[in-house]
2 protein chains.
Amino acid sequence: MARLPVYLRALQALQDRGTLTVSSEDLASAAGVNSAKLRKDLSHLGSYGTRGVGYEVEYLVYQISRELGLTQDWAVAIAGIGNLGRALANYGGFGTRGFRIAALLDADPAMVGQSVASLDVRHIDNLEEVVRSERVSIGVITTPAASAQGVATRFVEAGVASILNFAPVVLNVPDGVDVRKVDLSIELQILAFHAQRRAGGDGRGAERAGLELT
Amino acid sequence: MARLPVYLRALQALQDRGTLTVSSEDLASAAGVNSAKLRKDLSHLGSYGTRGVGYEVEYLVYQISRELGLTQDWAVAIAGIGNLGRALANYGGFGTRGFRIAALLDADPAMVGQSVASLDVRHIDNLEEVVRSERVSIGVITTPAASAQGVATRFVEAGVASILNFAPVVLNVPDGVDVRKVDLSIELQILAFHAQRRAGGDGRGAERAGLELT
DNA sequence: ACGTGTGAACACATTCACAGCT
DNA sequence: AGCTGTGAATGTGTTCACACGT
């Protein structure tokens with residue numbers, strides 16, 4: 001379930017604050033969801049709560065981490081070391097541990113050999129070799145749109161079955177390969193859509209949401 | 001509907017290739033969805049297709065752009081000019097036009113005054129003034145987690161009702177304010193979750209998805 | 001008394017299948 | 001003949017409300 005990571009983060013915040021036990025009501029509001037939904041989600045992992053009391057924070061953190069596969073380390077390769085790729089490489093806090101950036105790849109010869117986030121950028125031609133030697137299981141694509149499909153196919157053929165795609169294209173991959181997409185301009189467009197609805201939605205655009213309040 | 005931006009992108013690709021008309025079947029496969037779903041989505045905007053023929057690409061592009069509010073320009077402010085904020089500021093291709101980066105804000109005095117993507121970084125204390133003078137209607141938060149809620153509240157009070165949040169926290173905002181969240185480590189955790197399922201899901205972690213294929 | 005776990009009701013999204021227009 | 005638009009069927013996710021354990 002896609003909400004487990006959110007619960008985990010909320011639980012870790014509680015843990016840092018020294019909280020030992022938490023009710024579904026409190027955890028739900030910290031995670032921004034309905035309490036019944038949270039209980040149903042947690043009951044899917046087995047029943048780790050105590051009626052009349054709540055959930056033991058530490059135990060639940062461990063159970064969710066295990067369910068998410070964070071008790072092992074996942075090697076990640078980033079293909080495309082432009083602005084975004086560099087930002088990801090330098091973004092130290094990949095949440096709680098569980099992920100290790102194992103390789104940076106780029107097609108530009110001028111980029112190859114440079115050191116980014118204390119890793120040497122390697123040429124994309126080495127993709128297959130790097131996936132094998134570093135046991136990469138997650139591929140992150142931050143290339144231009146035109147190169148994304150090619151890189152994805154190479155990742156898949158090299159044995160990577162999990163891909164995080166930042167390029168603005170729909171990737172074609174075989175069944176069994178898991179692709180998640182993050183698209184900044186789509187997020188902005190969705191915000192604009194709702195903003196326009198608020199403002200009247202007639203396409204005139206005279207009164208924007210932000211202006212109504214001033 | 002959150003799929004309109006995807007359709008729009010697919011249509012623009014067709015347009016660039018000189019295609020004049022497209023069937024729901026073809027457009028659906030380009031966008032990676034079921035054709036019935038696509039037809040139902042499009043029928044929500046009114047009936048812009050011709051039975052026996054398909055949809056006229058140019059007309060549909062215009063209709064979707066209008067529905068999404070892309071016929072007007074939205075001013076965007078980015079708060080937090082770290083690696084990610086810089087990457088976003090420099091990411092020229094904010095899809096098709098419709099968005100203009102109007103201001104960059106940061107709390108670090110050493111950052112203020114620097115030029116990023118040919119914009120001067122301004123101090124976060126100027127947030128309210130900048131929102132007013134630039135008519136900002138979308139706020140992007142790329143600050144550290146600890147500062148995100150404060151920045152969000154200031155955006156909202158300044159009249160910004162659309163927020164794109166990259167900080168790993170759940171933001172608390174009043175009703176009527178639209179928050180979308182992009183969280184890199186959550187995306188990775190979801191991938192890890194599915195990868196573990198594929199690999200057996202027993203938490204041993206001996207055989208990873210990537211290794212099964214080698 | 002308190003709060004979890006869950007059946008039942010509900011709301012929503014997806015898919016099927018086909019009538020009807022061009 | 002071909003393809004859209006859409007009722008009907010199906011599936012999935014959410015919320016309610018309360019029985020039951022502690």
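All figures in this text were calculated on a predicted structure; none of them were measured in a lab. Labels below follow one simple rule: chain letters A, B, ... track the order of the sequence lines, proteins then strands, and each chain is numbered from 1.
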* Contact check, side chains of Ile141(A) and Ile78(A), non-hydrogen atoms, under 4.5 Å -> no
* To do: Find the distance Lys40(A):NZ to dG3(C):C1' and express it as a whole number of Å.
  => 16 Å
* To do: Give a yes/no answer on whether the side chain of Ser24(B) brings an N or O atom under 4.0 Å of OP1 or OP2 in dC3(D).
  => no
* For the pair made of CD in Gln63(A) and P in dT4(C), what is the distance, rounded to whole Å? -> 17 Å
* dT12(D) C1' sits how many Å from His44(A) NE2, rounded? -> 11 Å
* To do: Could you verify whether a donor N or O on one side chain and an acceptor N or O on the other, from Ser24(A) and Arg39(A), lie under 3.5 Å apart?
  => yes
* Given dG5(D), dT6(C), dA17(C), which nucleotide is nearest the side-chain atoms of Ala36(B)? -> dA17(C)
* **With Ser162(B), the side-chain hydrogen bond (donor to acceptor under 3.5 Å, both in side chains) member among His194(A), Gln196(A), Arg198(A)** => Arg198(A)
* Tyr48(A) OH to dT22(D) P: how many Å, rounded? -> 17 Å
* Thr153(B) and Gln149(B): side-chain donor and acceptor closer than 3.5 Å? -> yes
* Structure fact -> Among the nucleotides dA8(C), dT15(C), dT6(D), whichever has the atom closest to the side chain of Lys37(B) is dT15(C)
* **By salt bridge (charged side-chain N to carboxylate O under 4.0 Å, His left out) - contacts of Asp183(B) (at least two apart)** => Arg9(A), Lys181(B)
* Please determine, for the side chain of Tyr55(B), which listed nucleotide (dT4(D), dT4(C), dA8(D)) has the closest atom? => dT4(D)
* Asked: Given dA13(C), is OP1 or OP2 found less than 4.0 Å from the side-chain N or O atoms of Asn34(B)?
  -> no
* Decide whether Tyr91(B) and Asn83(A) meet the rule of one side-chain donor and one side-chain acceptor closer than 3.5 Å. => no
* Separation of dC12(C) P from Asp41(B) CG (nearest whole Å) -> 16 Å
* **Integer-rounded Å distance: dC3(D) C1' and Glu56(B) CD** => 16 Å
* Asked: Whole Å only: how far is the CG atom of Leu38(B) from the C1' atom of dT14(C)?
  -> 13 Å
Protein and nucleotides 18-21 of chain C: nitrogen or oxygen contacts under 3.5 angstrom:
unit_1: dG20(C); atom_1: N3; unit_2: Arg51(B); atom_2: NH1; d: 3.4

* **Tyr59(B): partners by ring-ring contact (aromatic ring centres under 6.0 Å, His included), with sequence neighbours left out** => Tyr48(B)
* **Any Ser23(A) side-chain nitrogen or oxygen under 4.0 Å from OP1 or OP2 of dG3(C)** => no
